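Report on one structure; see the data block that follows.
Computation of the quantities below employed the complete heavy-atom set of this structure, encompassing side-chain atoms and omitting hydrogens, waters and symmetry-equivalent molecules. Remember, predicted model here, so these are calculated numbers, not experimental data.
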Amino acid sequence: MIARASKLFLPTLRDAPADAEAASHRLLVRGGFIRQVGAGLWTFLPLGWRVHQKVVQIIREEIDAIGGQEMLCPVLTPAELWEQTGRIAIPQLFKLSDGSGRPFVLALTHEETMTFHGRELQSYKELPQLWYHFSTKERDEPRPRGGLLRVREFIMKDSYSFDRDEAGLDASFERHRQAYERIFERCSLEVYYVDAESGIMGGKESKGFLAPTGSGENELMRCENGDYFADAEAARGVPRSPELPDPLDAPEEVETPGVTTIEGLAEFLGVDPAATSKAMPVVVGDRLVLALVRGDDRLSEEKLETFFESAFRPATEDEVRETFGAGGGSIGPVGAKVDVIADEALREGQFVAGSNQDGRHVRGVEAGRDYQATFADIRQAKAGDACPSCGGKLGVQPAIEVGHIFKLGTFHSVALGATFLDEDGQEKPIVMGSYGTGPARTIAAVVEQHHDEAGILWPDSVAPYDVHVVLLPELGERGEEVARELDAAGKDVLLDDRDLRAGEKFADADLIGCPWRVTVGKKTLEDAAVDVRRRATGEERRVSIADVGDSLT
RNA sequence: CGGGACGUAGCUCAGCGUGGACAGAGCACCGCGUUUGGGUCGCGGAGGUCGCCGGUUCGACUCCGGCCGUCCCGACCA
């Protein structure tokens, strides 16, 4: 097909809006692909929507290829479904009611609704099933940002697998992993399949697909030797070994007047900060527990949430004083009357800890001997940690999470009563998985990975048009001829027939970023030829008009 | 939700400190001419509730208060 720029709504901008920081944000706005309507709310203009549709089609083909059945669920959802799974409590969930006061939510994902339909599955003979849809998700994000990077409303492809058992789920999960790899490959995205945290999803295992970029919401942690990749929130970095002082036979109290920070404590006592511990009192449900990490580490809230399988909150100052008899900077595990969750890094060795008395700490505190704890990986990995598989150095870089896949298990099917009769006559809950990817984020990631100073460099597979024909003045007839040749060769053509100067057209062509540019100008027409240029490389060659249809390779 | 900043033409911004005249520039837009392979040049023109409400004042884009919106950092983030 041939689209004429003179007729298109294609508002390109010379300047980017002042508040645009991310490259994808700036270029998509400048190139006339998207426009902001409100915080985290974006319209896809005609060009942007073409790209979105290309990505959607790639996803559709790959999910169809693994047996997906496309359908469509509503966004507006009776709150009852979300009450049954307990996810009504998610703060990001938009809640509203209709005119007669019935409560609804705006779906932020569709586990509840899909499981609701899964209740119609009765027999193992009907399993497995794989259902998916492209639908609008609504999220009350406290802080949208970065153009398309984090928004409040967006289209997501989410699929849901229904299996008899864990083995079936594993197979469905693996098929999605492979489909996602193919999707991102086709979009020319560099992505890494990494451990992720499922957070409040209610699942037990989840994996993310992270595209490393200049700007992004997530952080990709990668080993310098290329053998370990993880979402920084879930990474299992190995912390450096601390310089431990000589061990003591028993804990020993020391006066530490006015010392409430790890830095202050380490300096005051002349010890390695890594030889101290810090205690974070948190409340899970109605239970106060003490999370303990090494002094130089940060607690990973995501990991702790996964450990508890529930959200938690920091204890208040009053709760801390009432339970421990000391202020937040002075509490510790020794003699505490609460459960202690300690990070693995504290399993071996003696550390300085709070004493539960203001102005004092204890040193020589040893897990197992001086306090009892449940050990878990609850520290936040950081750059400089050692790789868990080879010992190499880990580094971090910003990344966009373009896909996230979950083994949900039976969390939703149990809550909503989606069961089937198995071969053995037993009624069992369906074993589920869910698999999400956002075309808009994928587009943002593609732009982040494929652009230069002048504009976007679309991969062939998702470009808004295959070829951008720059028609220089007074050559209208010949331009039409070239466009028809290209159209006949099956190319989608953007014909820039606007009455503008060459420089402006070239600049717009660079900005919009179609993979090929064909210049129709007087210079070459006397030879019945045009100049064909590859956007990504800048290579240009002269081709006769008769051959132009086959020249884009 | 904490911290910071901003809100004046479609976009980028000046003006506001020290209140006072028709509220300005560049780009974009419309007309005419010029130019025509990398954002020409000239002339003319259109375009504004100065975010909203209230207060102070003879007089408010400017000062004060409240609200709304947007962005950045953090918290949060299926």
Side-chain angles (χ1 to χ4, degrees), chain A residues 11-22 25-26 29-30 32 35-41 82 85 87 89-93 105-112 114 137-147 149-152 154 156 158 160 196-203 206 208 215-219 231 233 298-299 301-302 305-306 311-314 401 403-406 408 411-412 433-438 441 454-455 470-475 496 498-511 517-525 530-531 533 538 540 542:
Chain A
T12 55
L13 301 174
R14 186 182 291 212
D15 300 313
D19 50 32
E21 307 246 321
H25 184 183
R26 278 188 285 110
V29 170
R30 282 191 55 212
R35 282 295 184 271
Q36 183 166 24
V37 178
L41 300 172
W82 288 70
T85 56
R87 295 210 303 166
I90 293 174
Q92 283 178 288
L93 187 64
V105 304
L106 297 178
L108 48 72
T109 175
H110 280 81
E111 278 78 11
E112 278 75 3
M114 286 288 192
K137 310 299 176 200
E138 307 284 349
R139 295 184 183 181
D140 194 358
E141 289 285 353
R143 190 185 157 203
R145 70 177 97 172
L149 295 181
R150 185 204 281 191
V151 295
R152 294 198 292 181
F154 62 101
M156 178 163 89
D158 40 327
Y160 301 85
E197 289 295 331
S198 36
I200 54 179
M201 263 306 278
S206 83
S215 306
E217 272 291 284
N218 292 67
E219 284 188 313
D231 188 311
E233 289 180 352
R298 289 191 60 177
L299 174 70
E301 297 185 15
E302 294 79 17
E305 201 165 70
T306 303
F312 63 88
R313 63 170 174 84
E401 187 186 69
H404 199 162
I405 62 181
F406 299 85
L408 298 174
F411 180 89
H412 295 84
S434 77
Y435 316 87
T437 183
R441 267 195 178 179
V470 172
L471 177 54
L472 298 180
E474 297 166 37
L475 303 168
D496 191 347
R498 296 174 299 173
D499 185 21
L500 294 177
R501 297 177 59 79
E504 298 176 65
K505 294 192 175 195
F506 288 142
D508 268 358
D510 289 344
L511 175 60
R517 186 185 84 189
V518 171
T519 306
V520 180
K522 282 179 180 150
K523 253 190 199 175
T524 60
L525 277 180
V530 291
D531 287 328
R533 183 184 175 101
E540 191 161 41
R542 195 147 297 178

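Atom NE2 in A:His25 sits about 8 Å away from atom P in B:C71, given to the nearest Å. Rounded to an integer number of Å, the gap from A:Asp15 CG to B:U12 C1' is 5 Å.
Under the Watson-Crick or G-U wobble criterion, with both distances below 3.5 Å, B:C32 is paired with B:G42. Under the Watson-Crick or G-U wobble criterion, with both distances below 3.5 Å, B:A25 is paired with B:U12. Base pairing of B:G48: no nucleotide in any strand meets the Watson-Crick or G-U wobble criterion (both distances under 3.5 Å). Across all strands shown, B:A75 has no partner, as no Watson-Crick or G-U wobble contact with both distances under 3.5 Å is found. B:G19 is unpaired under the criterion used here, namely a Watson-Crick or G-U wobble arrangement in which both key atom distances are under 3.5 Å. The pairing partner recorded for B:C61 is none, the criterion being a Watson-Crick or G-U wobble arrangement whose two distances lie under 3.5 angstrom.
The base of B:C77 sits within donor-acceptor range of the side chain of A:Arg150, with an N or O pair under 3.5 Å. Contact of A:Arg30 with B:G10 (side chain to base): no donor-acceptor pair of N or O atoms is detected under 3.5 Å. Below the 3.5 angstrom threshold, one finds no donor paired with an acceptor across the side chain of A:Arg501 and the base of B:G38.
Ion pair A:Arg498/A:Asp508 flagged as a salt bridge, since at least one NZ, NE, NH1 or NH2 atom sits closer than 4.0 Å to an Asp/Glu carboxylate oxygen. In summary, A:Arg87 and A:Glu111 engage in a salt bridge, as defined by a charged side-chain N under 4.0 Å from a carboxylate O.
Within the nucleic acid shown, A:Asp158 has no heavy atom closer than 4.0 Å to any nucleic acid atom. Among the atoms of the strands shown, base atoms are found under 4.0 Å from some heavy atom of A:Arg533. Backbone-only contact: A:Pro17 has heavy atoms under 4.0 Å from sugar-phosphate atoms and none from a base. Residue A:Gly146 is in sugar-phosphate contact alone, with no base atom involved, counting any heavy-atom pair closer than 4.0 Å across all strands shown. When heavy atoms are screened at a 4.0 angstrom cut-off, A:Arg35 is found touching no nucleic acid atom at all.
Using C1' as the reference atom, B:G39 and B:G45 are 22 Å apart when rounded to the nearest Å.
In the set B:U40, B:G74, B:U70, B:G74 carries the atom at the smallest distance from any side-chain atom of A:Arg143.
For A:Arg14 and B:A28, the shortest distance from a side-chain N or O to OP1 or OP2 is below 4.0 Å.
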